[in-house]
Every structure is written in C-alpha cells, then in structure tokens.
Amino acid sequence: MGGGVVGALVTRLRVQFACTRGGECARGEPGACARAGGAHTRPPPMAQDNAAFCGVPEGVPTGVPAEAKPPPPALQAPKRRPWGAGGGSVARKRQRYVEKDGKCNVQHGNVRETYRYLTDIFTTLVDLKWRFSLLIFILAYALTWLFFGLIWWVIAYSRGDLEHLGDHSWTPCVNNLNGFVSAFLFSIETETTIGYGHRVITDTCPEGIVLLLLQAILGSMVNAFMVGCMFVKISQPNKRAETLVFSSHAVVSLRDDRLCLMFRVGDLRDSHIVEASIRAKLIQSKQTQEGEFIPLDQTDLSVGFETGDDRLFLVSPLIISHEIDERSPFWDVSRGQLERDDFEIVVILEGMVEATGMTCQARSSYLADEVLWGHRFTPLLSLEEGFYEVDYGGFHHTVPVPTPACSARQLAAAAARRDAHLYWSIPSRLDEAAAAGEEGDPEMSPRESNGTLASPESR
C-alpha cells in the first residue's frame with residue numbers, strides 16, 4: 001500500500017517537472033499540467049513572439065491549439081496605460097496635447113516675468129476673451145471722458161465761471177458750462193468731435209485751448225488703439241479655421257502595396273485657402289540612450305515634403321497620406337502593437353485666407369485609439385452635369401479593407417523574400433536562348449549566356 005502511494009507521488013512530481021521544462025504543455029497537452037495541479041499554465045515564450053508575424057491570427061499563438069484555454073488574468077498583458085497615468089490598476093484616458101477643435105491643452109503656470117505682457121499690450125488685448133475686451137473698451141472711453149471732464153470743471157471752478165452763471169458781462173472759459181455734468185458732456189463732445197454748438201470754448205481761456213488740443217490728440221490715439229484692437233479681434237483668421245475640417249479618425253491601409261497612415265481634410269467654404277500646406281507630428285514620450293526622459297517628444301511625420309505633396313490645392317476634400325517606410329516611426333508597429341501603444345498625432349493645416357490675405361492655421365489630433373487599422377475612407381466626389389459635387393455627409397465614413405496585421409518592416413521583408421524566390425525560380429531567357437542555339441546550329445555566332453559572351457574555343 002505504501003509503495004503504491006510513493007509511486008503515485010513520484011509520477012506526479014515527474015509530470016510537474018516536465019511541465020516546468022516546457023514539456024507536455026509546450027506540445028499542446030495542457031491536460032497533463034491540469035492533472036498535475038496546474039503547475040504550469042503559461043504558453044511557451046516563442047508563442048508570444050510568433051503572434052506578431054504575418055499570417056498568424058492574433059490571439060492564437062504558434063504551437064498552441066486554438067481551442068486551448070487563454071492564460072489566467074494574472075498572466076495576461078496589462079491594459080494600455082497612457083503616459084503619466086501613474087500607479088493603480090485602472091488605466092485612465094490619455095490627456096490630449098491638442099484638442100480636436102485645435103486648442104492646445106497647455107496652461108502656463110508660475111510665470112514671474114509678467115511685465116512682458118505689457119510690452120506687447122496690443123497682442124495682449126487682442127488675445128483676451130470677449131467679455132474682458134468689451135470691458136476694457138468701455139472703461140478706456142469712460143475714464144478718459146471723466147478725466148478730462150473733471151479737468152474742465154476744475155478750470156471753470158478756478159476761474160470763477162461757476163459764480164458768474166447769470167452775469168452776461170462775464171466771459172467764461174466754456175460757454176454754458178454750469179457744473180460737473182455739463183463739463184462731462186463737453187468732454188464727450190470734444191473727444192468724439194460731436195459738436196452740438198451749445199457748449200463752446202472761448203478765446204479768453206488759454207489753458208482751455210491747450211487742454212482742448214491735448215484731449216483731441218489723446219482722444220484720437222485712444223480711438224485708433226481701441227478700434228484697431230476690436231477690428232483685429234473680429235477679423236482674426238482663426239475664425240476662418242472653423243470651416244476647415246479634419247476626419248474624426250485616421251486609418252492605416254495599403255496604398256500601392258505600401259502601408260500608409262491617412263487622414264482627410266476639407267474646406268467648407270467656396271473661398272479657397274491660398275498656398276495651403278499640411279504638416280503632421282507624432283507626440284510621444286521618449287527616453288534617450290543617456291536615460292533622459294522626454295514626456296512630449298515631437299517627431300515629424302512625412303506627408304510629402306520631399307515630393308511637394310504637402311502643398312495642397314484644397315478645392316475638394318483631400319486624403320493626406322504618410323507612407324510608413326524605414327524613416328517612419330511606425331516602421332516596426334503592427335496592428336497588435338498599435339492597439340497597445342500610447343501616442344498622439346497632431347496635424348496642422350496652414351494657408352492664407354483668399355478674402356483677407358491673412359495667414360490661417362487649423363489644427364487637430366488623433367490618439368492611438370482613433371487610428372483604425374485596415375480601413376479606408378469612402379469617396380465623396382461625384383460628377384454631375386457640368387460640375388463636381390462633394391457629399392460632406394460621408395466625410396468621416398470609413399470602410400474595412402483587407403490589410404495585413406504585420407508591421408511595415410515585416411511586410412517589406414516578406415515582399416523581398418517573395419521577389420527573391422521568383423528571381424531564382426524562373427529561368428533566365430538568355431539561358432533558354434543559349435540552350436536553343438547550341439541544340440540547333442553549332443556553327444552559329446557566339447551567344448550570350450547569363451550576360452557573358454561565349455569563348456571562341458567553345459564554338
């Protein structure tokens with residue numbers, strides 16, 4: 001009895017040792033490990049690596065049958081955590097660097113050199129919100145009217161004009177100025193050049209003449225400054241950017257047998273954007289070889305700068321394409337890795353407004369979960385009678401298309417292996433012609449074989 005128990009225990013230990021060495025579990029026999037108490041439930045290491053290559057369905061490792069149970073939750077890949085999410089078991093949504101409407105989600109704090117804003121007061125007033133701009137606009141006029149009205153009242157009071165209101169033999173500095181209210185009204189008439197004619201300055205008041213000239217000059221400066229600020233604020237080119245639209249998602253699919261990252265831009269107005277150009281940047285955390293951590297590193301994504309395709313004729317919606325080649329940061333990114341990565345793509349469209357000639361810039365961004373792998377944009381342009389019609393109802397629509405799940409590097413390597421196989425498997429036509437010539441007429445002139453001339457001795 002004791003020998004049977006010892007034998008069963010030794011058999012169980014042998015099975016556990018085989019599982020830990022990748023024996024029966026690696027050969028696709030998880031039942032043995034389950035019988036041994038579940039000592040080993042992790043798939044072999046190569047199974048995880050093979051899942052990234054082309055031709056292997058995602059989630060089904062090589063060497064493990066599809067009907068095998070998935071690993072327990074403790075051994076599964078952790079959920080994607082955005083940069084800066086910190087500790088914790090629940091991943092938070094990534095904070096955008098640029099919002100979808102183009103606003104940069106950056107706030108400046110602990111700025112000590114605030115005096116620099118006053119050195120460029122015009123731009124500071126233009127950048128203010130509308131409620132603050134209107135408040136400053138009203139205060140600028142009201143304060144100057146009150147200030148000069150007070151001075152006019154002081155002059156009238158110091159000269160004794162207010163004490164001789166009914167004396168027709170007395171010549172005041174300003175006719176019909178009988179108090180502070182009338183002095184305030186005269187200040188408004190002087191600065192705005194309304195000139196009702198009831199209150200008018202006389203030629204016996206030199207200090208009033210000097211004050212009149214001073215208020216006229218300062219009033220013109222205030223008018224020019226405040227009206228200029230309001231005009232620039234109303235005609236800001238960023239309002240034109242509201243009619244420049246970007247697709248809600250970016251897509252990755254094949255174009256001319258190459259993986260490309262694409263998004264769509266369009267202009268809703270009939271007036272065009274002159275000299276339009278497009279740029280794209282990848283925002284992603286990075287650690288240098290020296291150990292320096294860069295939280296928001298910016299990398300250019302080529303959208304046709306070398307070929308001039310980045311300069312757009314934006315009359316109808318255009319699909320902007322970034323070819324994923326060896327210079328692209330997405331060269332080694334597969335579909336599975338894209339779903340786990342954390343990055344942001346910022347796209348910038350610049351150009352001049354045709355109506356005003358001012359430079360306009362529109363921005364948008366795409367997070368990693370807003371990039372659809374294996375999709376393509378639906379066409380919008382149709383030919384009508386004498387014109388082309390754009391249907392903006394399907395501007396954001398995409399359709400799934402067959403796309404390999406491997407990275408661009410693996411796709412290029414597979415294409416190179418296929419071309420090499422075709423090159424070595426197909427006989428050369430020169431060899432065939434040379435063989436046909438030797439069999440037909442031995443006295444023929446030397447023929448080329450594999451690119452070389454036959455020697456005279458071989459004839």
Side-chain angles (χ1 to χ4, degrees), residues 114-242 269 271 352-360:
T114 55
Y115 65 90
R116 296 182 180 272
Y117 293 103
L118 298 178
T119 58
D120 189 12
I121 187 64
F122 185 83
T123 305
T124 302
L125 293 178
V126 171
D127 290 339
L128 289 176
K129 296 183 178 180
W130 268 107
R131 54 179 177 267
F132 297 115
S133 297
L134 292 176
L135 179 62
I136 293 177
F137 186 83
I138 294 173
L139 288 178
Y141 282 103
L143 292 178
T144 54
W145 294 340
L146 287 173
F147 174 74
F148 285 101
L150 179 61
I151 297 179
W152 284 114
W153 180 83
V154 169
I155 291 176
Y157 180 80
S158 61
R159 283 174 53 87
D161 295 342
L162 301 179
E163 298 175 357
H164 300 81
L165 294 178
D167 189 359
H168 296 285
S169 61
W170 179 265
T171 304
C173 182
V174 179
N175 291 331
N176 300 314
L177 194 151
N178 52 15
F180 178 76
V181 177
S182 59
F184 176 71
L185 294 176
F186 180 73
S187 175
I188 297 176
E189 296 174 9
T190 302
E191 188 168 336
T192 58
T193 64
I194 293 176
Y196 291 114
H198 181 66
R199 279 173 292 270
V200 60
I201 190 171
T202 61
D203 56 357
T204 60
C205 182
E207 60 272 22
I209 295 174
V210 174
L211 181 61
L212 180 66
L213 296 175
L214 182 62
Q215 185 175 3
I217 295 173
L218 293 180
S220 300
M221 295 176 61
V222 172
N223 288 334
F225 190 80
M226 298 309 301
V227 172
C229 286
M230 298 303 293
F231 175 77
V232 172
K233 191 171 183 62
I234 292 174
S235 62
Q236 276 185 319
N238 55 4
K239 302 302 179 184
R240 177 63 175 88
E242 298 293 336
R269 286 190 180 274
S271 60
M352 291 189 301
V353 182
E354 187 178 29
T356 62
M358 302 179 68
T359 303
C360 171

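Numbering of residues begins at 1 and proceeds along the displayed sequence.
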So, using side chain to side chain donor-acceptor pair (under 3.5 Å) as the criterion, who are the partners of [X] when residues are at least two apart?
| X | answer |
| --- | --- |
| Thr359 | none |
| Ser133 | none |
| Thr190 | none |
| Ser220 | none |

Restricting to non-hydrogen atoms, name the atom on [X] and the atom on [Y] that form the minimum distance, rounded to 0.1 Å.
| X | Y | answer |
| --- | --- | --- |
| Ser271 | Arg240 | O-NH2, 2.7 Å |
| Thr171 | Thr204 | CG2-OG1, 3.3 Å |
| Asp161 | Val174 | OD2-N, 4.5 Å |
| Asn178 | Ser182 | N-OG, 3.0 Å |
| Thr123 | Asp120 | OG1-OD2, 2.8 Å |

Practice prompt. Count the heavy atoms of every other residue, nucleotide or ligand shown that sit under 6.0 Å from CZ of Phe225, and state whether that count exceeds 12.
Written response: yes
Worksheet item: Angle class for the Tyr141/Phe137 ring planes (parallel below 30°, perpendicular above 60°, tilted otherwise)?
Response: perpendicular
Pair listing, salt bridge (Lys or Arg N to Asp or Glu O under 4.0 Å) test, anchored in [range], at least two apart:
| range | result |
| --- | --- |
| residues 170-180 | none |
| residues 168-192 | Glu189-Arg199 |
| residues 202-215 | Arg159-Glu207 |

Response to the item:
Those residues at least two apart in sequence (or on a different chain) that pass disulfide (SG to SG under 2.5 Å) with Cys173 are Cys205
Could you tell me if the side chain of [Y] sits less than 4.5 Å from the side chain of [X], heavy atoms only?
| X | Y | result |
| --- | --- | --- |
| His198 | Asn175 | no |
| Leu185 | Tyr196 | no |
| Ile155 | Leu211 | yes |

Suppose we screen for ring pair (Phe, Tyr, Trp, His ring centres under 6.0 Å). Which residues come up paired with [X], at least two apart in sequence or across chains?
| X | result |
| --- | --- |
| Phe231 | none |
| His164 | Trp170 |
| Phe186 | Trp152 |
| Tyr157 | Trp153 |

Between [atom1] on residue [X] and [atom2] on residue [Y], distance to nearest 0.5 Å:
| X | Y | atom1 | atom2 | value |
| --- | --- | --- | --- | --- |
| Ile136 | Thr124 | CD1 | OG1 | 9.5 Å |
| Glu354 | Cys360 | CD | SG | 13.0 Å |
| Leu150 | Ser187 | CG | OG | 10.0 Å |
| Met230 | Ile234 | CE | CD1 | 5.5 Å |
| Phe132 | Leu125 | CZ | CG | 12.5 Å |
| Leu134 | Lys233 | CG | NZ | 8.5 Å |

